[in-house]
Amino acid sequence: MPVLLRRFIHLVVVLFCVTLFVALLTSMLPGDPVNSIAGFAPEEQKEQIREQLGLDDPIPVQYGRWLSDFVTGDLGSYWTVTGDRPVVDRVKDALPVSIQLMVYAQVLALVVAIPLGVATAYRAGSRFDRGSNFTAFGLLALPNFALALILAYYVGVQLGWLPVTGYVAPSEDFVEHLRRMAMPAIALAVGQIAVYMRLLRSDMIATLQEDFITMAKSKGVSPRRVLWRHALRPSSLTLLTVAGLNVGTLIGSAVVIEVIFSLPGLGSLLYESITSRQYIAFQSLVAIIAVGYVMLNFLVDVLYAVLDPRIRHARA
Amino acid sequence: MEGPFVASTAMRGRWIRGAAAAVALALVVTACGGGGDDGGDSGSADADAGEVTPGGKVVYGLEAETADGWCLPEAQLAISGIQVARTIYDTLTRPNADGEYEPWLASAVEPNEDFTQWTITVRDGVTFHDGTPLDATVVKNNLDAYRGAYPGRSPQLFIFTFSNIASVDVVDPMTVMVTTKVPWTAFDAYLYGSGRVGMMAQAQLDDPVNCADNLIGTGPFVFDEWVPNQRFVATKNPDYWATDAEGRQLPYLDEIEYRPIVEVAQRVNALDSGDINAMHTSDPLTISDLQAQDESGEISLTESIDFGEVTYLMLNSSKPPFDNIKARQALAFAFNFDDYNAIRGKGILTRATGPFAPGNVGNLDETDLPGFDLEEAQRLVEEYEQETGQPLSFSYTTTQAESTVADAQFWQQAAEDAGMEVEIITVDQSTQIDAALAGDFEAIAWRNHPGGDPDEQYNWWQTGSPVNFGRFDDPDISRLLDEGRSNPDDDARVGIYEDLNRRFGEEVYNIWNYYTIWSVATAPDVHGVLGEGPTSADPFPGLAVGIPPAYLWVEQ
Amino acid sequence: MPERDLDVAEMPSLTPVSTMEPVDLVRADGGVPLTGKKARQGKLGVIGWLSISWLALVTLAAILAPILPIDDPNQVTASIARQPPGTDGHIFGGDGLGRDLFSRIIWGGRSSLLIGTLSVLLGLVLGGLLGLVAGYFRGRADGVLTGGFDVLLSFPQLILALTLVTVFASGEGVTATRRTVVLILALGVVSIPVLGRITRANTLTWTQREFVLAARALGAKQREIMFREVLPNVLPAMFSIALLGVAVVIVAEGGLSLLGVGTQLPRPSWGNIIAEGRSELRDSPHIVIIPTIIIFLTVFALNYLGDVVRARFDVRESAL
């Protein structure tokens, strides 16, 4: 299908540009990059690093080297005075944590937003609708890191309902795992709820005005069936696509949330690499996040193209 | 087999240190920093804790991760690293309640007449966690590794610390003899090395790649796993050689886990919510909060400035601006300790006039360290600028924890009020230590010089030492250090170190701030924080180099 | 991002949704769903006027900060450290270091609003220009520009901003001013593709209108048409997004502050006041809560007004 092919070429181009940018990050550091990377190393070690990284090589060579390392899983090392520690080991542990956080946040947001979106669409114009919309709007205006801090303090410490720091793997203790992910997921989800609710609402309102709905109603189908069975599915396409894409966008907020709640995910790794000036690790982490995000967008794109008949027929 | 309570041969002439320590304890008991209640007699909190119940687990929140691991001869351990090291390893000596050093992993440590030869008798029947026996050979290899005479290990700091060792020889399978270049009266203190000089198994010593995370010691706990920045877990050593004063097998706990939580507020939150059941901190604001919680019984708090260290601003005297004494003095005059104490310490801090905390040899109530005088500061700044033609500007390096960043801003504001320009640079703790080592700083927030024998400070201040981070070259201080090292007369030594203290005050190589209050806060059912001494139940009362984890216990 | 065939009616684009999506508010005038006819009038209503007043107040305070009779925001006064609002005549009390919180919030507004407006302005000018060109000329120019937008959009926004600030302004020797400049540039770069896409989308719609074709037929130059006929019609949509953008940037700066790369202390911004104050939540929650409320009100006002503008000028991008 030419549309898919187009998208694929697009993907390759984007991946190339993104990885090129990231590959050159360390050479963009002001001054001598090696000083930023390994400031306190003895001069011989700095020379070694300079050679290893090949920061003086021409750009295509640098890119080629970085790319071949990246795709073979060599993400560089955390440089320390006593030796190197490979980045990929830390990433293996951190990745599931971040993925879990974002999935929970999304699920939570959808679970709250969908019924609300349906209800407000159905009762469009009512006080309930207006109230919900206003609240949603308000929630959007609340910076989610401030919400996270306040939640952590009042719910976590004052009330003591939920733990505020740390992570427990689901395989170790699932209940404890959920308890620790609860507040971070809530803090992330709150902003999304408003957006999703609004999206669904406006699509539903449009759908509810269509002929096939009127027909179903005239056939005597109960309002609830009309809403959930007939109207929801076509209206949810945009919502689901956006939700899918948003998992990637959440990464930005997730970094801050992870730091606040001490969750050992990619975001915390990223933060740590900045504060300890481990620029090689930083570079690799950004690469992983960016590439992952691009791939995810691509998948959602393809899904959208496959599912939405309007686009499928656009090329006809 | 000798138990740890065989009476050790008395160390000579240490009565004065004993007296000083007694004074220190008295000071702590009667007037803990002035700002409110006496936050915890060192050991009395546990006196009525009841009978020890073995088993259970402690999760201990640390203030930093030790990114470089525990290849002990090469590691640069701060207190968090030392705490972990004391879990897996034992040192040959350990301080007692009076701050004197008694044999611990060794069964005897004896100097000769003129302190040029020290004979270490290795304790019988001790095995490392990998089953290999502790003997004179492995002890010799460890000591050689520390002093840079062992192939495959390249220490940077200890090589200077132990540079006074001429040779280490195996006399018989359980006896090692150390010969020093100059008489070294406090060598037994160095075998403790603030808890850093643990004995590693041969396998770890010889590990070319993984020495830093292949921890094998003789200590109360066996290394289980280390996930950097998340947790360090160790399990009970069932064959541990030490028992407590009543003959009970140590350690009491089944498992201990360390969690690095850099932000102290998060650490306290974790303690309050039960995520962890022990933590340490030296942040005065937090300690003052913890005091309140201790009173209401929510937690148990143990605090100490005994044999304590000093929090100060270390200045780099080898390059501008602080190679000029006027700049150093100006900054000291600009610093308003009373305001600092009120804002950052809630009034509980005691001004440090020098590097020796109360109770330590060399402590003085007053020195010439400049106090707050803004006009004088401004005047000196102007003089500096006229002399050198440069504005007085410098960078202030600190860790990125919130409390230290707040301190940085306080200093910055103070300096700017006096007419200086300040840039704040924040780094993580490992990088901060690296910065100090490399001399890549102008002013750096620091904390050091826990007590014990003042000769232990030798390397921090001796000209040319790689850990003389401030890089000052003071002939008086160098001379005094050498004298103190080899002089066996305790009275004379007090005089020597007091002179040293005064010299610091005159030259302002460091701007001493306050005597650090270290505290360990635990859940109410956790006891044994201070533990016991090497040969008696009375513990060493200081917290500045961590606690002996073998004695921790949890009510079951 | 999917390249759409240009002769099909503009589909909801799959630009990843962040809070830069224009959020529908039900009624800007009080009573009728936004999809109705009345909503298109985009009247302000009470809330609208309150929003404008708030923004005016905050902006004025920010601009006039140096001459207002308030304390030096960096001046340390031991007695007010951590004290609640009202202590000793300090309206908002003191922060953790004994600095006047009210003054810091006003000066913080100066930083936050400066960063917000300048970065969005950068995005508007560059993004708007590029979007205009892409939408007007289409063809290969469009392809390249949209591709560029897509590449930039392939980074989660905060991550890209974080990356740029880390690489260019987090080492040593970075002054507060330099950090602020880099923040503005980084957040501006991040807003370029969003504004670019929206401008492009709007331009596409407008260039198909009759008056443009007429102008072409009359022999007017491309550039004239672009700037005289199309741009004025595209501006309202851009303006609406710009308002939302400022809100997003203010919050983003807060997030970056928590990660240690926001406005450099001791220079305050609303974000870094919150970041600094989080250790005092136990006893002095006002240090976090007051700037949070301030940000909340500002973001709310900006979102609301952005929505009103959008409703007024009937931009049909409901799911941008």
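Numbers restart at 1 for each chain; the letters A, B, ... are given by sequence-line order, proteins then strands.
- Residues B/Thr281 and B/Glu63 are not in side-chain contact: their nearest non-hydrogen atoms beyond the backbone lie 4.5 Å or more apart.
- In this structure, no portion of C/Ser79 lies under 4.5 Å from any heavy atom of chain B.
- In summary, B/Arg259 and B/Glu65 do not engage in a salt bridge, as defined by a charged side-chain N under 4.0 Å from a carboxylate O.
- Heavy atoms closer than 4.5 Å to chain C are found nowhere in B/Val264, neither backbone nor side chain.
- Heavy-atom distances place the side chain of C/Arg82, and not its backbone, under 4.5 Å from chain B.
- Heavy-atom proximity under 4.5 angstrom to chain C picks out B/Gln412, B/Gln413, B/Asp417 from residues 412-419 of chain B.
- A salt bridge does not link B/Lys319 with B/Asp323: none of the charged nitrogens is closer than 4.0 Å to a carboxylate oxygen.
- Neither the backbone nor the side chain of B/Asp338 comes within contact range of chain C; no heavy atoms are under 4.5 Å apart.
- For B/Asn341 (side chain) and B/Leu349 (main-chain N/O), a donor-acceptor pair under 3.5 Å exists by modelled atom type.
- If you measure heavy-atom distances from C/Ala81 to chain B, the contacts under 4.5 Å come from the side chain alone.
- For B/Asp272, the part sitting under 4.5 Å from any heavy atom of chain C is the side chain, from C-beta outward, and nothing else.
- At a 4.5 Å heavy-atom cutoff, C/Ala176 makes no contact with chain B through either its backbone or its side chain.
- Between C/Phe300 and C/Tyr304, the two ring planes are parallel [angle under 30°; tilted spans 30° to 60°].
- Along residues 250-273 of chain C, the residues that come nearer than 4.5 angstrom to chain B, judged on non-hydrogen atoms, are C/Leu265, C/Pro266 in order of number.
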Take B/Thr311 and B/Thr516 through the side chain to side chain donor-acceptor pair (under 3.5 Å) test and state the conclusion after the steps.
CA-CA 6 Å; B/Thr311 300; B/Thr516 316; 2.8 Å; yes
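- Here B/Ala406 is the residue among B/Ala408, B/Ser395, B/Ala406 with the most heavy-atom pairs under 4.5 Å with chain C.
- Using a 4.0 Å cut-off between a side-chain N of Lys or Arg and a carboxylate O of Asp or Glu, B/Glu423 and C/Arg178 do not qualify as a salt bridge.
- Considering every non-hydrogen atom in both C/Ser103 and C/Ile70, the closest pair reads OG-CD1, 4.0 Å.
- The aromatic ring centres of B/Trp446 and B/Phe469 sit less than 6.0 Å apart.
- C/Phe102 is not listed as a side-chain neighbour of C/Ile290, based on a closest heavy-atom distance of 4.5 Å or more.
- For B/Tyr340 and B/Phe335, the distance between ring centers is under 6.0 angstrom.
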Give the intermediate values and the outcome of side-chain contact (heavy atoms from CB on, under 4.5 Å) for residues B/Phe337 and B/Tyr514.
CA-CA 9 Å; B/Phe337 176 77; B/Tyr514 59 92; 4.0 Å; yes
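- With hydrogens and angles ignored, the 3.5 Å screen pairs a side-chain donor or acceptor of B/Glu385 with a backbone N or O of B/Leu392.
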